[in-house]
Amino acid sequence: MAYAAGFPSFEGNPVPRAILPESQIHPAVREKIANYRSDIVKEVQAAVAANPIVVVGMRMNPFPGKARKALDAAGLAYEYLEYGSYLSEWHKRLALKMWTGWPTFPMVFVKGALVGGADDVAKLIEKGELGKKR
């Protein structure tokens, strides 16, 4: 099984996510895959590097709002990036899903690590694992 490059290893164990090995991707499309909407990925990477908490969401989906409300209620500052709605900008969101391996929105990053979505953030807040209030 191949593991996703660039994913953090927790306690020495890589994230066990099967991805198509590069040897099974025709050379003619490798660059297209590598560069697919790379501007959006770089935008999120920059936000994640510059902010302790980043929420990536979309309009019309109630779960990004749920994550933001939980962070607001906990007094935790965050950066919010929004990419379209169910009716628009799906290409941008697809690039982010391909990059992270996370299938839904929101995508919440804390101190550079993807921690999951709205329910995951609520659990971390409840456990006191998200740090100090602003």
Sequence-distant partners of I33, side chain to side chain contact (heavy atoms under 4.5 Å, CB included), two or more places apart: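 Expected list: I25, V29.
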Which pairs with one or both residues in residues 85-96 pass salt bridge (Lys or Arg N to Asp or Glu O under 4.0 Å), sequence neighbours excluded? E89-K92
Scan residues 115-125 for pairs that pass salt bridge (Lys or Arg N to Asp or Glu O under 4.0 Å), counting only residues two or more places apart or in two chains. K66-D119
Quick one: hydrophobic cluster around F63, which other residues, with the 4.5 Å side-chain cut-off, linked directly or via members?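 Same cluster as F63: nobody, lone residue.
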So, T100 side chain and L96 main chain: donor-acceptor pair closer than 3.5 Å or not? yes
Which residues pass the salt bridge (charged side-chain N to carboxylate O under 4.0 Å, His left out) test with E79, sequence neighbours left out? none
Run the side chain to side chain donor-acceptor pair (under 3.5 Å) test against R59 and tell me which residues pass, sequence neighbours left out. E82
Please give me the minimum heavy-atom distance between P64 and P106, naming the atom from each residue.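 That closest heavy-atom pairing would be N-CD, 3.6 Å.
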Would you say [Y] ends up clustered with [X] if hydrophobic residues are merged whenever their side chains have heavy atoms under 4.5 Å apart, either directly or through other cluster members?
X	Y	answer
M60	M107	yes
W90	F105	no
M98	L81	no

Let me have the donor-acceptor pairs involving side chains of residues 34-44, under 3.5 Å, with sequence neighbours excluded, atom names and distances please.
residue, atom, partner, partner atom, Å
N35, ND2, E31, O, 3.2
E43, OE2, Y83, OH, 2.2

Anything under 3.5 Å between a donor and an acceptor, one on a side chain of residues 46-58, the other on a protein residue two or more places apart or in another chain? List them.
residue, atom, partner, partner atom, Å
N51, ND2, A47, O, 2.9

